[in-house]
Amino acid sequence: SLEAATNGSPEKNCETTMKNLHPSRILFGSCNSQNLSQPLWPIITSRDAAAFVWAGDSIYADQFAGLDFSHFPPHPKHISATPERLRSHYNKQLSHPGYRRLVESNVTIFG
């Protein structure tokens, strides 16, 4: 209970207890390309968040294969990634020094 967690004095310890019971910061990220520079990882890591949520692409694995001119305007064509290609791209992302520091920190990563 909240009273037990605050040693019987909710008013005195409420702020500290609430910080312990609820994460103070959750970060969201998406649209990450493993092939481009990733200058934001040091900033993200410095925010000292309780969690990081991949809310979109953490890597881009499909391969651009040109334009399909049977439509107007032309539509891009992509080749779906194979399991080997996915593994390679995720390993590349995990080896990025900035992202590696986030992974090795205390933050919980979702997605």
Side-chain angles (χ1 to χ4, degrees):
S1 78
L2 181 60
E3 188 170 333
T6 59
N7 295 324
S9 178
E11 297 82 18
K12 182 179 178 187
N13 297 316
C14 185
E15 184 177 330
T16 302
T17 301
M18 294 312 288
K19 285 182 183 177
N20 292 337
L21 294 176
H22 301 287
S24 59
R25 184 168 289 148
I26 299 173
L27 303 175
F28 296 85
S30 68
C31 306
N32 184 70
S33 175
Q34 69 284 355
N35 296 319
L36 299 176
S37 75
Q38 299 178 32
L40 297 179
W41 292 121
I43 296 166
I44 291 168
T45 303
S46 75
R47 301 301 292 168
D48 196 29
F52 178 83
V53 179
W54 280 112
D57 294 316
S58 57
I59 62 162
Y60 289 115
D62 291 344
Q63 185 175 358
F64 179 70
L67 295 173
D68 179 358
F69 289 99
S70 66
H71 300 90
F72 186 81
H75 296 176
K77 294 188 298 184
H78 292 88
I79 300 170
S80 296
T82 63
E84 294 79 22
R85 186 174 175 87
L86 286 168
R87 190 174 302 107
S88 170
H89 287 325
Y90 278 114
N91 284 335
K92 184 173 184 176
Q93 180 59 39
L94 285 169
S95 70
H96 186 280
Y99 185 62
R100 185 89 239 141
R101 279 189 285 284
L102 179 70
V103 169
E104 291 170 351
S105 72
N106 262 347
V107 69
T108 301
I109 299 176
F110 297 94

Q: Say whether Leu94 and Val107 are linked into one hydrophobic cluster, either directly or through other cluster members, by side-chain heavy-atom distances under 4.5 angstrom.
A: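 Linked, Leu94 and Val107 end up in one cluster.
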**Q.** ILVMFWY cluster, Ile26 and Phe110 together (side-chain gap under 4.5 Å)
**A.**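 Cluster IDs for Ile26 and Phe110 match.
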(Q) Set out, in order, the CA-CA distance, both residues' side-chain angles and the distance that settles side chain to side chain contact (heavy atoms under 4.5 Å, CB included) for Ser30 and Asp57, then state yes or no. (A) CA-CA 5 Å; Ser30 68; Asp57 294 316; 5.9 Å; no
Taking all atoms of both residues into account, what is the closest heavy-atom pair of [X] and [Y], and its distance?
| X | Y | value |
| --- | --- | --- |
| Asp62 | Ser80 | OD1-CA, 3.4 Å |
| Ala49 | Arg25 | CB-O, 3.4 Å |
| Leu67 | Lys77 | O-CE, 3.8 Å |
| Gln34 | Lys92 | O-CE, 3.5 Å |
| Phe64 | Pro76 | CE1-CB, 3.8 Å |

Atom pair [atom1] ([X]) and [atom2] ([Y]), whose distance is rounded to the nearest 0.5 Å:
| X | Y | atom1 | atom2 | result |
| --- | --- | --- | --- | --- |
| His96 | Ser37 | NE2 | OG | 7.5 Å |
| Leu102 | Leu40 | CG | CG | 12.0 Å |
| Ile59 | Arg85 | CD1 | CZ | 9.0 Å |
| Asn35 | Gln93 | CG | CD | 9.5 Å |

Q: Tell me, yes or no, whether the heavy-atom count around Asn106 atom CG, taken from other residues, nucleotides or ligands under 6.0 Å, exceeds 12.
A: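 Not more than 12 within 6.0 Å, no.
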Q. What do you reckon, is CZ of Arg100 surrounded by more than 12 foreign heavy atoms closer than 6.0 Å?
A.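 Above 12, so yes.
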**Q.** Passing option when Leu27 is tested against Ile44, Ile43, Asp48, Thr45 for side chain to side chain contact (heavy atoms under 4.5 Å, CB included)
**A.**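 Running side chain to side chain contact (heavy atoms under 4.5 Å, CB included) over Ile44, Ile43, Asp48, Thr45 with Leu27 returns exactly one hit, Ile44.
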Q. Which class fits the ring pair Trp54 and Phe52: parallel under 30°, tilted 30 to 60°, perpendicular over 60°?
A.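 Rings of Trp54 and Phe52: perpendicular, over 60°.
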Q. Between Tyr99 and Trp41, what is the ring plane arrangement, given parallel below 30°, perpendicular above 60°, and tilted in between?
A.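 Tyr99 and Trp41: tilted rings.
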